[in-house]
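Accompanying notes for the structure given below.
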Amino acid sequence: MKRLLCLLLCLLFSCAAFAGNAWEFSKHVERSVVVTGTIEVNPDGSVHGYTIDNQDKLMPEVVQVIGKTVPTWKFQSIITDGKPAMAKAVMSIRVVADRMEGDQYALSVRGACFSDDEPDTSPSYKDQAPLPDYPKEALEARVGGTVYLAALLTSQGTVEKVEAVQVDLRAIGPESLMAPLRKDLAQASIEAIKAYTFNMPKSGQEMDADHRTIRIPVDYEIANGSVPPKHEYGQWDAYVPGPIEPIVWLRQDEQVTNGSADAIPNGLAFQGDQRFVLLNPPGNG
């Protein structure tokens, strides 16, 4: 835990501060890591088992908190051929370090999302050009962040609608300064994604759907030199989480099945598996 504390303190002070001492705003800073793996669910909705990818790249404390949390999850029974059945999914979860009193931190699983583990059942990028432009104000302020988008795809793989669900900034400062930066990063991402096209699934339960919703994280990083920093698996991140907005074209129950906005690994066009509905989702007590 001492190693974890040192890492988190370094992350805190590496966040760009607009004004004042970094500790003044530290209660607003979240420190987390995204972990991927698989999960298998029993016919009654209890967890049969799970795996974690590349455990050697994760801190032992992260593996431990996942081991205490995931087995307690309860899902709605997954129905196959008219009766409850065992099912498997790809799992992505976000582990957060909450600052307690003094220099103490407590780890918890804050968000999770699930996707079909079979190949070719989710959309993939066909044309990602043009890439988002870095907004001038954010670039001049040297502020990075991540925009979590929701996109509504047609059956031809074009984008019909897109909106920002959450924008996290790697900066600490007054809301009056952060709000316009979140808006600028979101708008740049939205405009770029509108021009994307996707390869549509050739199999899976939603193969013939007229529309489908996917999640897309867009990361903005300030390069130290000519090459932007690469985000490695198991790497902790420090940021100020933005407000979460509902996806306007989805029903309330569909919001849940799409999973946590910020639990999606970078670089993916993520489609949630509608069968996996957590009855006790992380972050809900």
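These numbers come from the heavy atoms of this one structure, side chains and all, not from hydrogens, waters or symmetry mates. For reference, positions follow the sequence shown, starting with 1.
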(message) Any side-chain to backbone donor/acceptor pair from Thr146 onto Val218? Under 3.5 Å, distance only.
(response) no
When clusters are formed by joining ILVMFWY residues with side-chain heavy atoms under 4.5 Å apart, either directly or through shared neighbours, do Leu181 and Tyr148 land in the same one? no
- [ ] List the steps and the verdict of side chain to side chain contact (heavy atoms under 4.5 Å, CB included) for Val90 and Phe270.
- [x] CA-CA 11 Å; Val90 174; Phe270 178 89; over 6 Å; no
dist Lys74:NZ -> Leu278:CG (nearest 0.5 Å) comes out at 11.5 Å
Can you label the angle between the Phe198 ring and the Tyr196 ring as parallel, tilted or perpendicular, going by 30° and 60°? tilted
Is a side-chain donor or acceptor of Thr197 paired with a backbone partner of Thr158 at a separation under 3.5 angstrom?
no
When rounded to the nearest 0.5 Å, the distance separating CD of Gln274 from CZ of Arg212 is 10.0 Å
All heavy atoms of Pro132 vs all of Ala188, minimum pair found to be CB-O, 4.0 Å
Note to self: With a 4.5 Å cut-off on side-chain heavy atoms, are Leu177 and Glu175 touching?
What the structure shows: no
Decide yes or no for Val165 and Ile244: does some side-chain heavy atom of the first lie under 4.5 Å from some side-chain heavy atom of the second?
yes
Value for CE (Met86) from NE2 (His48), rounded to nearest 0.5 Å, stands at 4.5 Å
Item to check | Side-chain donor-acceptor pair present, Asp53, Thr36, cut-off under 3.5 Å | outcome: yes
Using the side chain to side chain contact (heavy atoms under 4.5 Å, CB included) rule, take Val35 and Tyr233 through it: C-alpha gap first, then chi angles, then the decisive distance, then the call. CA-CA 8 Å; Val35 179; Tyr233 180 79; 3.4 Å; yes
Any donor-acceptor pair under 3.5 Å linking the side chain of Asp116 with the backbone of Glu118? yes
Are Ile247 and Arg215 packed together at the side-chain level, in the sense that at least one heavy-atom pair is separated by less than 4.5 angstrom? yes
Closest non-hydrogen contact found for Ala112 with Phe114 is CB-CZ, 4.0 Å
Exercise for review: With the side chain counted from C-beta on, respond yes when Arg142 and Ile222 share a heavy-atom pair under 4.5 Å apart, and no when they do not.
Suggested key: yes
Please check if the side chain of Glu140 supplies one atom and the backbone of Glu137 the other of a donor-acceptor pair under 3.5 Å. no
Taken to the nearest 0.5 Å, the spacing of Phe276 CZ from Lys88 NZ works out to 10.5 Å
| query | Can you find a pair of side-chain heavy atoms, one from Pro241 and one from Asp262, that are under 4.5 Å apart? | reply | no
Please confirm whether the backbone N or O of Pro43 pairs with a side-chain atom of Ser77, one donor and one acceptor, at under 3.5 Å? yes
Notebook entry, point to check: Should Thr213 and Leu250 count as side-chain neighbours, where that means a heavy-atom distance under 4.5 Å?
Noted result: yes
Tightest non-hydrogen contact, residues Gly234 and Leu58, listed as CA-CD2, 3.7 Å
Quick check against the 3.5 Å criterion: does Asp44 have a side-chain atom that pairs as donor or acceptor with the backbone of Ser46? yes
- Task: Establish whether Val34 and Met59 are linked, either directly or via other cluster members, by ILVMFWY side-chain heavy-atom contacts under 4.5 Å.
- Result: no
pair Phe75-Arg275: side-chain heavy atoms closer than 4.5 Å: no
### Task
Take Val95 and Val65 through the side chain to side chain contact (heavy atoms under 4.5 Å, CB included) test and state the conclusion after the steps.
CA-CA 8 Å; Val95 176; Val65 75; 3.8 Å; yes
Minimal heavy-atom distance between Tyr220 and Leu185, with the atoms involved, is OH-O, 3.5 Å
On a heavy-atom basis, the closest approach of Ser155 and Met200 is O-CG, 3.5 Å
Inset, instruction - Quick one: do Gln235 and Val33 satisfy side chain to side chain contact (heavy atoms under 4.5 Å, CB included)? Show the steps, please. - result: CA-CA 6 Å; Gln235 176 181 324; Val33 61; 5.9 Å; no
CD1 of Ile66 to OG of Ser108, rounded to nearest 0.5 Å, is 11.0 Å
Note to self: Count I, L, V, M, F, W, Y as connected when their side-chain heavy atoms are under 4.5 Å apart, and connections chain through other members. Are Val167 and Met178 then in the same cluster?
What the structure shows: yes
Is there a path of hydrophobic side-chain contacts, each under 4.5 Å between heavy atoms of I, L, V, M, F, W or Y residues, that connects Val70 with Leu279? no
If you count heavy atoms of other groups shown closer than 6.0 angstrom to CG of Asp56, is the number above 12?
yes
Contacts of Asp168 meeting salt bridge (Lys or Arg N to Asp or Glu O under 4.0 Å) (sequence neighbours excluded), chain-then-number -> none
Close side-chain approach of Ile79 to Lys83, heavy-atom, < 4.5 Å: no
To the nearest 0.5 Å, atom CG of Leu152 lies from atom CD1 of Ile214 at 9.5 Å
Do other residues, nucleotides or ligands put more than 12 heavy atoms under 6.0 Å from the NZ atom of Lys161?
no
Which of Arg110, Arg170, Arg94 passes salt bridge (Lys or Arg N to Asp or Glu O under 4.0 Å) with Glu30? It is Arg110
Take atom CG in Asn54; do more than 12 heavy atoms of anything else shown fall under 6.0 Å from it?
-> yes
query: Between Glu163 (side chain) and Val248 (backbone), is there a donor-acceptor pair under 3.5 Å?
result: yes
All heavy atoms of Ser32 vs all of Val96, minimum pair found to be CB-CG2, 3.8 Å
